[in-house]
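The structure under discussion appears below in the form of structure tokens.
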Amino acid sequence: LFSNGVKAVALDLLPELERAAAAKLDIAWASTNMLMDEIGKGATGDLAILTDEVIDDLIRQGKIVAGSRVDLARSAIGIAVRQGAPKPDIGSADALKQTLLAARAISFSRTGISGVYFPTVLERLGIATQVAPKVIIPSPGVPVGEVIAKGDAEIGVQQISELLPVPGVAIVGPLPAELQKLTVFSAGIFSGASEPQAARALVALLTAPAARPVYQRKGMEPVG
């Protein structure tokens, strides 16, 4: 069960991951929050890659093996526009505030970590009420980048690692440091894993030095 935040990295490494596991992988992709809901309903597997906080919570619940958490990479929340569109100023909190107020439409997800967090940014900037009428929430499973690429919204907010792979999208940059929330994605082995050795082999590959440039190309910072 893999969070969308690491999807681009995992897809890039998929052939090597399948060789390491000596099997074809059956991966369920979704936001961390949606996968957490599914796990709460009984979904399980061999390996989970979710946020560090969620992995720790699952360890406390006994659903992930204690001591199996391995941090993989950090991911920043970023701003994107349609390819070819002017890149607005987001270099400071005030600049971001003016950019959001000037935008015709803004898109972010309600289910992902970034989408849950971004409304708190709007509150801190004091513009939640002004921005609310122009927010576009994608349908479940639809990346924010697709909304931007189609021109339905001018500004997209999501993990940079989720915005980068979408054709027709240009990354403006990360949120200003004072408003940023870095997310650590971590791996953990399910307590009921039928293939724990294969899961450990996947984690070893995902933390190998050769994987570092893949994370960097996909907009993430490898941990360790």
Side-chain angles (χ1 to χ4, degrees), residues 3-9 29-36 50-54 73-185 215-221:
S3 170
N4 285 332
V6 296
K7 186 172 184 177
V9 171
W29 310 100
S31 69
T32 289
N33 289 333
M34 291 176 71
L35 289 173
M36 187 63 169
L50 306 165
T51 65
D52 57 349
E53 296 170 349
V54 168
R74 297 182 188 89
S75 179
I77 299 170
I79 300 290
V81 295
R82 192 176 188 180
Q83 190 76 45
K87 291 186 176 181
D89 184 3
I90 61 167
S92 66
D94 188 62
L96 176 64
K97 176 179 178 178
Q98 299 309 317
T99 289
L100 295 173
L101 288 173
R104 171 181 52 83
I106 300 161
S107 183
F108 57 89
S109 168
R110 291 285 191 203
T111 59
I113 297 299
S114 59
V116 172
Y117 171 74
F118 190 64
T120 70
V121 172
L122 298 176
E123 292 285 352
R124 288 169 63 185
L125 293 175
I127 58 173
T129 301
Q130 297 98 306
V131 166
K134 50 188 179 181
V135 169
I136 296 176
I137 304 299
S139 302
V142 176
V144 168
E146 288 189 13
V147 179
I148 303 306
K150 289 193 297 183
D152 293 339
E154 291 173 273
I155 300 291
V157 183
Q158 201 167 30
Q159 300 286 343
I160 291 176
S161 61
E162 294 182 63
L163 291 167
L164 266 177
V166 182
V169 164
I171 304 298
V172 179
L175 292 180
E178 62 267 38
L179 300 173
Q180 182 62 257
K181 175 180 173 63
L182 292 176
T183 298
V184 175
F185 287 98
Y215 287 108
Q216 291 164 343
R217 285 200 309 271
K218 303 302 181 181
M220 305 183 79
E221 178 191 353

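Put simply, CG on Asp52 and CZ on Phe185 are 9.5 Å apart, with the number rounded to the nearest 0.5 Å. From Lys181, atom NZ reaches atom CD1 of Ile113 across 7.0 Å, with rounding to the nearest 0.5 Å. To the nearest 0.5 Å, the span separating CG on Leu50 from CE on Met34 amounts to 13.0 Å. Taken to the nearest 0.5 Å, the OG1 atom of Thr120 stands 9.5 Å off from the CG atom of Leu125.
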List, one per line, each side-chain donor-acceptor pair under 3.5 Å for residues 87-95, sequence neighbours excluded.
residue: Lys87; atom: NZ; partner: Ile171; partner atom: O; Å: 3.1
residue: Asp89; atom: OD1; partner: Gly91; partner atom: N; Å: 2.9
residue: Ser92; atom: OG; partner: Ala95; partner atom: N; Å: 3.1

Which side-chain N or O atoms in residues 130-137 pair as donor and acceptor under 3.5 Å with protein atoms at least two apart or in another chain?
residue: Lys134; atom: NZ; partner: Leu100; partner atom: O; Å: 3.1
residue: Lys134; atom: NZ; partner: Leu101; partner atom: O; Å: 2.6
residue: Lys134; atom: NZ; partner: Ala103; partner atom: O; Å: 2.8

Less than 3.5 Å apart, which donor and acceptor atoms pair up between the side chains of residues 142-156 and the rest of the protein, not counting sequence neighbours?
residue: Glu154; atom: OE1; partner: Arg104; partner atom: N; Å: 2.1

| message | Pair Leu164, Val169 - check side chain to side chain contact (heavy atoms under 4.5 Å, CB included), show working. | response | CA-CA 7 Å; Leu164 266 177; Val169 164; over 6 Å; no
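Side-chain contact between Pro119 and Arg110 is present, with heavy atoms from C-beta onward closer than 4.5 Å. Looking at heavy atoms from C-beta onward, Val6 lies in side-chain contact with Met220 at the 4.5 angstrom threshold. Ile77 has its side chain within reach of Gln159: a pair of non-hydrogen atoms, C-beta onward, lies under 4.5 Å apart. Ser109 is not listed as a side-chain neighbour of Ser31, based on a closest heavy-atom distance of 4.5 Å or more.
Here Phe108 pairs with Phe118 under the ring pair (Phe, Tyr, Trp, His ring centres under 6.0 Å) rule; sequence neighbours left out. Residues forming a ring pair (Phe, Tyr, Trp, His ring centres under 6.0 Å) with Tyr117 (at least two apart in sequence, or on another chain): none. The salt bridge (charged side-chain N to carboxylate O under 4.0 Å, His left out) check on Lys97 picks up nothing, with sequence neighbours excluded.
The two atoms that bring Leu182 and Ala76 nearest to each other are CD2-CB, 3.7 Å, heavy atoms only. When every heavy atom of Ala128 is checked against every heavy atom of Glu123, the shortest pair comes out as CB-OE2, 3.6 Å.
Few gaps surround CD on Gln180; more than 12 heavy atoms of other groups in view lie less than 6.0 Å from it.
Checked by atom type and distance alone, the side chain of Asn33 pairs as donor or acceptor with a backbone atom of Thr111 at under 3.5 Å.
Side-chain contact check for Thr183 and Ser75: no donor-acceptor pair (N or O, by modelled atom type) lies under 3.5 Å.
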